[in-house]
Amino acid sequence: MKKVAVIPGDGIGPEVIGAALEVLKKAAPGAFEFQSVAMGGNAIDKYGEPLPAESLKTCQEADATLLGAVGGPKWDNVPPEIRPERGLLGVRKGLKVFANIRPAKIFAPLASACPLRKDIADKGIDFVIIRELTGGIYFGKHEAFTTPDGEKAARDVMEYTEHEIRRIAHVGFKAAMGRRKIVTSVDKANILTSSRLWREVVEDVAKEYPEVKLNHLYVDNASMQLIRVPSEFDVIVTENTFGDILSDEASQIVGSIGMIPSASLGDNNRGLYEPIHGSAPDIAGQDKANPIGTILCGAMMLRYSFGMNSEADRIERAVDEVLNDGLRTGDIFTGSEGTKLITGSQMKDAILAKL
Ligand code: NAD
């Protein structure tokens with residue numbers, strides 16, 4: 001039996017994870033042993049640190065890890081070195097996952113939730129953002145210091161090695177080979193030295209994929225083009241911070257942040273799967289959280305870590321069907337004709353019923 005480490009986390013994390021586990025158990029009965037792991041704010045409360053060594057070890061020994069979300073206002077003022085986000089970065093680093101894959105696809109029944117002009121959305125939106133996850137400014141040296149004049153100052157270092165860029169570029173080109181064969185590499189090569197290296201290495205890797213068309217965009221331009229002509233994007237490859245920002249923009253284009261799963265992969269199949277949303281403290285405990293993003297994480301896990309494509313297809317089809325039936329949690333409810341507002345657990349039950 002395959003082992004899956006499960007990090008419910010904080011806020012709506014346990015709600016959406018509970019839903020995803022029920023769906024996985026129904027779609028692939030008996031396939032997995034789930035081991036619950038403390039991480040985030042709840043681990044700070046219990047163990048005084050966001051990622052206890054035992055938790056990381058369980059994830060490292062598992063065949064895949066499924067994560068809800070961590071953090072919340074309760075832990076906003078804890079010392080930086082034990083903030084819940086440190087646990088998140090720690091688990092990504094500990095699992096050696098370096099490629100974050102975030103699909104941005106418009107679900108036809110939710111087209112009305114797309115904030116873009118109808119003629120733009122009607123051209124279709126279906127792209128993937130592949131974000132480098134363990135390098136760049138988030139993992140560079142962070143320093144607060146005092147200048148010789150006695151003024152407070154701070155710096156964060158953005159650093160990339162050739163090897164880090166090369167391996168994420170390969171993930172992007174390989175993904176494009178299975179899609180429309182267009183890679184857009186996003187950087188800020190007009191200003192940043194690390195981006196100039198990024199561009200040079202991506203161009204070198206591109207030579208190994210002659211069928212794939214490579215474009216480069218500066219990140220500021222990319223953020224504009226994503227809302228102007230989203231249909232033109234297929235695979236976007238970018239560094240950690242730019243990817244963080246662009247993928248949140250993409251989540252709004254396709255509807256709700258609550259709908260989007262993500263997979264983080266390393267050199268083997270032991271991925272980390274997490275919805276792109278946070279712990280949503282504003283709606284936690286009210287049964288308002290949309291579980292679809294986490295349920296689709298389960299489907300991605302079946303596909304990428306376990307090669308269980310038909311089970312993954314069934315889950316994705318069940319999600320399509322409930323949306324076609326007009327069922328909507330609050331985040332995707334626009335009041336349009338034929339739709340019905342339901343709770344998070346009703347959404348989960350409807351998906352289970354379709355399965
Ligand atoms: P958020 O994603 O938690 O919430 C943003 C908005 O989207 C809120 O209005 C929320 O109600 C809504 N939302 C999010 N997920 C939803 C869902 N599944 N269904 C319905 N509505 C949903 O982002 P935030 O408010 O910036 O952060 C809240 C906390 O989460 C912070 O402590 C932050 O550090 C943490 N966070 C954690 C992660 C993670 O664990 N991966 C990611 C981002 C933020």
Side-chain angles (χ1 to χ4, degrees), residues 6-20 23 37-45 50-51 55 59 65-78 80 82-93 95 97 100-102 107 110 113 115 131 133 138 240-241 243-264 271-298 319 322-323 327-334 341-348 351:
V6 178
I7 304 175
D10 310 308
I12 62 167
E15 300 170 36
V16 292
I17 281 286
V23 168
V37 172
M39 205 270 269
N42 61 88
I44 299 174
D45 289 349
L51 180 62
S55 293
C59 296
T65 299
L66 189 60
L67 174 115
V70 298
K74 184 177 175 195
W75 305 281
D76 275 353
N77 296 317
V78 300
I82 61 157
R83 280 186 65 91
E85 294 78 8
R86 286 287 157 137
L88 209 51
L89 299 182
V91 84
R92 288 175 185 162
K93 193 113 199 163
L95 289 175
V97 290
N100 182 246
I101 303 175
R102 293 191 184 194
F107 288 81
L110 295 186
R131 164 188 169 196
L133 207 55
Y138 291 176
N240 203 342
T241 310
D244 192 5
I245 298 166
L246 291 181
S247 46
D248 271 14
E249 183 186 2
S251 74
Q252 285 307 302
I253 294 173
V254 296
S256 163
I257 195 165
M259 297 286 300
I260 305 180
S262 82
S264 301
L272 170 68
Y273 299 86
E274 48 184 319
I276 67 157
H277 61 73
S279 59
D282 54 332
I283 56 165
Q286 301 168 39
D287 202 9
K288 287 183 177 165
N290 185 347
I292 291 180
T294 314
I295 288 171
L296 292 176
C297 283
V319 169
V322 296
L323 295 174
L327 302 181
R328 307 279 187 270
T329 43
D331 55 313
I332 51 173
F333 182 69
T334 55
L341 177 65
I342 58 167
T343 64
S345 46
Q346 286 171 328
M347 179 60 90
K348 175 253 312 175
I351 293 169

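FYI, side chains are in, hydrogens and waters are out, and symmetry mates aren't considered; it's all heavy atoms of this structure. One-based numbering, in listed order, for ligands and for the atoms of each. Just so you know, these numbers come straight off a predicted model, no measurement behind them.
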Next on the checklist: Show, in sequence, the C-alpha distance, side-chain angles and deciding distance for Ile292 and Ile351, and conclude whether the side-chain contact (heavy atoms from CB on, under 4.5 Å) test is met.
Outcome noted: CA-CA 9 Å; Ile292 291 180; Ile351 293 169; 4.1 Å; yes
Next on the checklist: List the residues meeting side-chain hydrogen bond (donor to acceptor under 3.5 Å, both in side chains) with Gln286, not counting sequence neighbours, and say none if there are none.
Outcome noted: Lys288
Checklist entry - Is there a side-chain contact (heavy atoms from CB on, under 4.5 Å) between Arg328 and Ile342 once you walk through the steps? => result CA-CA 6 Å; Arg328 307 279 187 270; Ile342 58 167; 5.8 Å; no
Starting from the N and O atoms of ligand 1, find every protein N or O within less than 3.5 Å and list the pair with its distance.
{"residue": "ligand 1", "atom": "2 (O)", "partner": "Gly278", "partner atom": "N", "Å": "2.7"}
{"residue": "ligand 1", "atom": "3 (O)", "partner": "Gly278", "partner atom": "N", "Å": "3.4"}
{"residue": "ligand 1", "atom": "3 (O)", "partner": "Ser279", "partner atom": "N", "Å": "3.3"}
{"residue": "ligand 1", "atom": "3 (O)", "partner": "Ala280", "partner atom": "N", "Å": "2.8"}
{"residue": "ligand 1", "atom": "9 (O)", "partner": "Asp282", "partner atom": "OD2", "Å": "3.0"}
{"residue": "ligand 1", "atom": "11 (O)", "partner": "Asp282", "partner atom": "OD1", "Å": "2.9"}
{"residue": "ligand 1", "atom": "11 (O)", "partner": "Asp282", "partner atom": "OD2", "Å": "3.0"}
{"residue": "ligand 1", "atom": "18 (N)", "partner": "His277", "partner atom": "NE2", "Å": "3.4"}
{"residue": "ligand 1", "atom": "18 (N)", "partner": "Asn290", "partner atom": "O", "Å": "3.0"}
{"residue": "ligand 1", "atom": "19 (N)", "partner": "Asn290", "partner atom": "N", "Å": "2.9"}
{"residue": "ligand 1", "atom": "30 (O)", "partner": "Ser279", "partner atom": "N", "Å": "3.1"}
{"residue": "ligand 1", "atom": "30 (O)", "partner": "Ser279", "partner atom": "OG", "Å": "3.1"}
{"residue": "ligand 1", "atom": "32 (O)", "partner": "Gly72", "partner atom": "N", "Å": "3.0"}
{"residue": "ligand 1", "atom": "34 (O)", "partner": "Glu85", "partner atom": "OE2", "Å": "2.6"}
{"residue": "ligand 1", "atom": "40 (O)", "partner": "Val70", "partner atom": "N", "Å": "2.8"}

Side-chain donor-acceptor pairs of residues 67-74 under 3.5 Å, sequence neighbours excluded:
{"residue": "Lys74", "atom": "NZ", "partner": "Asp45", "partner atom": "OD2", "Å": "2.6"}

Item to check | Which residues share a side-chain hydrogen bond (donor to acceptor under 3.5 Å, both in side chains) with Asp331, sequence neighbours left out | outcome: Ser256, Asn290, Thr329
Next on the checklist: Would Ser345 and Asp287 count as a side-chain hydrogen bond (donor to acceptor under 3.5 Å, both in side chains) here? Give the steps.
Outcome noted: CA-CA 7 Å; Ser345 46; Asp287 202 9; 2.6 Å; yes
